[in-house]
Amino acid sequence: MLRVEKLNYEVKGRKLLRDVSFQIRKGEVLALLGANGAGKSTLMKLLCGEYKPTNGVVTLHGKKLDSYDPRILARGRAMLSQQQHVSLAFTAGEIVMMGRYPHFKSSPSLTDKEVVNEVMALCGVDTLADRVFMSLSGGEQQRVQLARTLAQVWENPDSLLLLDEPISALDMHYQQKVLAIAKALSRKGFIVVLVVHDVNFAATYADRVIMLKHGRKLFDGTPVEVLNPANIYTVFSVEASVELNPRTLRPYIRLEEMPVDAFKINSKLSTDHLKHVPLKQRREQLLAQDPYLSISEQAEVLRVPEAELWMMDKGRHVNFINQSLESIIPKLSSLGEVSVYTRNACCTQKTVQQYTTAMNDGYAPHISTQSPIVNALRHDLAEWHAGFLVKEVGDEGLHFFDDKGMLIHGLQLCDTSDRDAFCAITAWLEAKQDEKPQFGPSSTAAKHHPQSNNPASQNAKEEIGINEVRKIFAEAVANSAMLEITTMNRGCVHSYIGTIKNLIDQGFRYMIKDDRMELELRLPLVEHIFRSVSSAEEDVLEFFDQHGVLALRISNRSKEKQIATSRSVRGNVVI
Amino acid sequence: MSKKQHLIITVLSILLIITAVVSLGLGAFYIPVGDVLQLIGEKMRLLSPTSDNALPMDVLFVVRLPRVMLGLLVGAALGVSGAAIQGIFRNPLAEPGLIGISSGASLFAVLIIAFETLLFTKLSAYLGYYLLVFGAFVGAGLTAFAVYRIAVKDGRPNVTTMLLAGIAINGFAGALTGLMTYLATEQQLRTITFWMLGSLGGATWDNIAVVAPCIIFPVSLLLFFGKQLNAFSLGEMHADLLGMRTDKVKLWVVILSTLAVGSSVAIAGVIGFVGLLVPHTVRLLGGASNRYVLAGSLILGALVLTLADVISRTLIAPMELPIGVITALLGTPVFIYILIKEK
């Protein structure tokens, strides 16, 4: 058994490994995963005894690694490292025989020669025995070194076999074969620890996976337990989807293409020629590369107003809302309950609501209401530029855009909506025959919203990380805390007051998904998160996008407010 | 060792014996090979003495034999240490000179020559020629120790630092040696120059008696480091993982090489290129396995130096060329040829 307890390793004050503990039994294959520089190779060198830990101990079969006699240890522990340079002109056969050095004094025994022949045949390098090592190809060199490593511990069933990126230079066949050999040896009793970069190989061949980040052990468990999209995103910052192979019951990880925008990369090369290609064609090319891009992401990459892509999609089933924008809004209350959403760069908030007109000031800009309701929508119609109505069956709804063509607000019919009222609105709008709206070029530059520099309250603010946010959400769910969640953009402020139940963490996407309320947070686009706690025990989280614009505000409701809200019966949106 | 390597060693050994015997007869006073064998037979009382052989007998046993013996010893020392140092530094271009052994030895020798009349008269009266030998040996040991200390980090010597430190110490010792040549008198300058280019001319039975154990002992021990040096070529970490005590191996190889090379520099001056070229050639002939390379370098080193000495004392006989000049003149083209061919 290999036991690692509170392992720390430090070089010149840099902590390369912190508090890593785990243990592996005989017959197990452990795969170490992590980004470059996460500490995998450092851990391997500590496991083989080459590095001495700053703190902590490594014990192999109950005995401390550094109390072994080096020669005895060499017969029960072998390592293949990434560095494979051989300085002088040794032949492959001589190199493999070096693996047997701990076993003989001056000349190799018959057993040594047999072992060398066996492992060389297994690794497919028996025909290369007389070739000079440095003249071999990278993959052949790697296999020769693997053969040497195997030869070292070949007949010892209690061996610890450490393979640091054993397949980095190999072709498909040998990548599989080498891992299969490692697994087969583990079934004979070896403890195998390997570093691989391909998560699918780890999923297929390992019994156990440990994921490292910044020198810490983050996740540890069987491939099924550990290899999920959230963990993969946390460790590698890569979006992936995971399916369970129904036959092997092992996870299969499919990686999404990472989009890099040709417009944003390499400032030295012009992208003018890309702009002359028709939008439709550019969009098709983009979708061919990455079919999973959302419309707003497409618009950002293509640098066109989002609204244009919406219209392109909806085809003939669309009516424009342009001149009659202001007069259509009061009609929305007739639709009954609809699914209302508000969107900005970082998040989308969705609630099931009915629109109502405000009691006092109708639908003038900046309507604010303090009436005790669960949901509220305040809006600034001056920022609403145009919209369109989609009448395609199953996708009926209205969508509103600002003057740059950014989607700011919209609604979609749900089961409880009044479809007759929708037909009436459609007929009314068709009679109006609005013109096709024009949008200005989409600009990603901030207008000037110095909100992040200008704290809303005088309370002490601290910037926090997303992991703390996860914790806060989890606590809120556990305590059934009353939260006020407000998503805002230039055109509207959309609030929800109530408890939350379902949290979905997809790594790059964090979601609250309840029956009447959904919030989807796109974490990579959140630039800053501030937390401030006031004297009245009000705890406020503020999320800012990349331009320093406040996108989302979440606060816990103080007790008086909770009493006030508890009186409300049903949610509605005040226009 | 493979069959091919055994064959190479055997052929080299036979060549060495022939060369050594033939070279006994060559020089300012020529003795034919047959006479050489005859004289040796007489000396060993295997053959009955013939008349009128007092002079060739004296030349052979007082002048030539010690000289050839010294050539064999120094050549073997340079060859084997070269092979060991290249193995330990995992660099085919390393040689004993590179870690400061030779330059340290020559610096101390030059210091002694330059300041002999001033400071060392008393000592020199007691030790005579041995003062120079002793000084050179101390110099070699000190520089090797300094280089080793500089390279030790966290209790273990770092090979790259060791090479760099060697280069630095070489530069420093070279500068000091150069400075000494300005202070030396005309006569001293001649001695210094001749000594720095190397010569086997100082060979006497007394010298050999002092130097032989200092060379034979470390050289024969170094021959047993074949396996360890092979493991080193995988990188120190892998040598460690194969159960070698790499720190001890490094320390011992440096100590033994210093002893062998320091002793040979002390008695024969600085003879360049042998430590670099001989192991390289041996490797080209029969492969890199260090058991073979060490043994082969021993024989080829002795062979090369014996040949070079023959040339140095016959080319402009009765005068002598410094042997370092011969090895460099012959070695450089061979080395360049090897470099081009390997490219």
Checklist outcome for this item: Taken to the nearest 0.5 Å, the spacing of A:Thr149 OG1 from B:His238 NE2 works out to 6.5 Å
Checklist entry - In Å and rounded to the nearest 0.5 Å, what is the NE2 to OG distance from A:His85 to B:Ser233? => result 9.5 Å
Checklist entry - Relative to chain B, which segment of A:Ile95 carries a heavy atom at a distance below 4.5 Å: side chain, backbone, both, or neither? => result side chain
Checklist outcome for this item: Closest non-hydrogen atoms of B:Met237 and A:Ser81, given as atom of the first, atom of the second and distance, are CE-CB, 3.4 Å
Checklist entry - Do other residues, nucleotides or ligands put more than 12 heavy atoms under 6.0 Å from the NZ atom of A:Lys26? => result yes
Item to check | Pairwise side-chain contact, B:Leu241 with A:Lys45, heavy-atom cut-off 4.5 Å (strictly under) | outcome: no
Checklist entry - Once you round to the nearest 0.5 Å, how far does OG of A:Ser106 lie from NZ of B:Lys227? => result 8.0 Å
Checklist outcome for this item: chain A shares the most heavy-atom pairs under 4.5 Å, among B:Leu234, B:Asn290, B:Val293, with B:Leu234
Checklist entry - Just wondering, do A:Tyr101 and B:Gln228 contact through their side chains at under 4.5 Å, heavy atoms? => result no
Checklist entry - So how far is it from A:His103 NE2 to B:Leu242 CG, rounded to the nearest 0.5 Å? => result 9.0 Å
Item to check | Options A:Pro70, A:Ala74, A:Ser107, ranked by heavy-atom pairs under 4.5 Å with chain B, top entry | outcome: A:Pro70
Checklist entry - So with a 6.0 Å cut-off around CG of A:Asp130, is the heavy-atom count from everything else above 12? => result no
Item to check | Residues, nucleotides or ligands: over 12 heavy atoms within 6.0 Å of A:Arg71 CZ | outcome: yes
Checklist entry - When you look at CZ of B:Phe145, are more than 12 heavy atoms from neighbouring residues, nucleotides or ligands closer to it than 6.0 Å? => result no
Checklist outcome for this item: Interatomic distance, CD@A:Glu50 vs CG@B:Asp240, rounded to 0.5 Å, equals 4.5 Å
Checklist entry - Checking A:Tyr51 against chain B: side chain, backbone, both or neither under 4.5 Å from a heavy atom? => result neither
Checklist entry - For A:Lys63, does the NZ atom sit with more than 12 other heavy atoms under 6.0 Å from it, leaving out its own atoms? => result yes
Checklist entry - Measuring heavy-atom distances to chain B, does A:Arg75 have an atom under 4.5 Å in its side chain, in its backbone, in both, or in neither? => result neither
Next on the checklist: Quick check on B:Phe172: does its CZ atom have over 12 non-hydrogen neighbours (other residues, nucleotides or ligands) under 6.0 Å away?
Outcome noted: no
Checklist entry - Relative to chain B, which segment of A:Leu88 carries a heavy atom at a distance below 4.5 Å: side chain, backbone, both, or neither? => result both
Next on the checklist: Just verifying a value: how many Å separate B:Phe224 CZ and A:Lys105 NZ, rounded to the nearest 0.5 Å?
Outcome noted: 12.5 Å
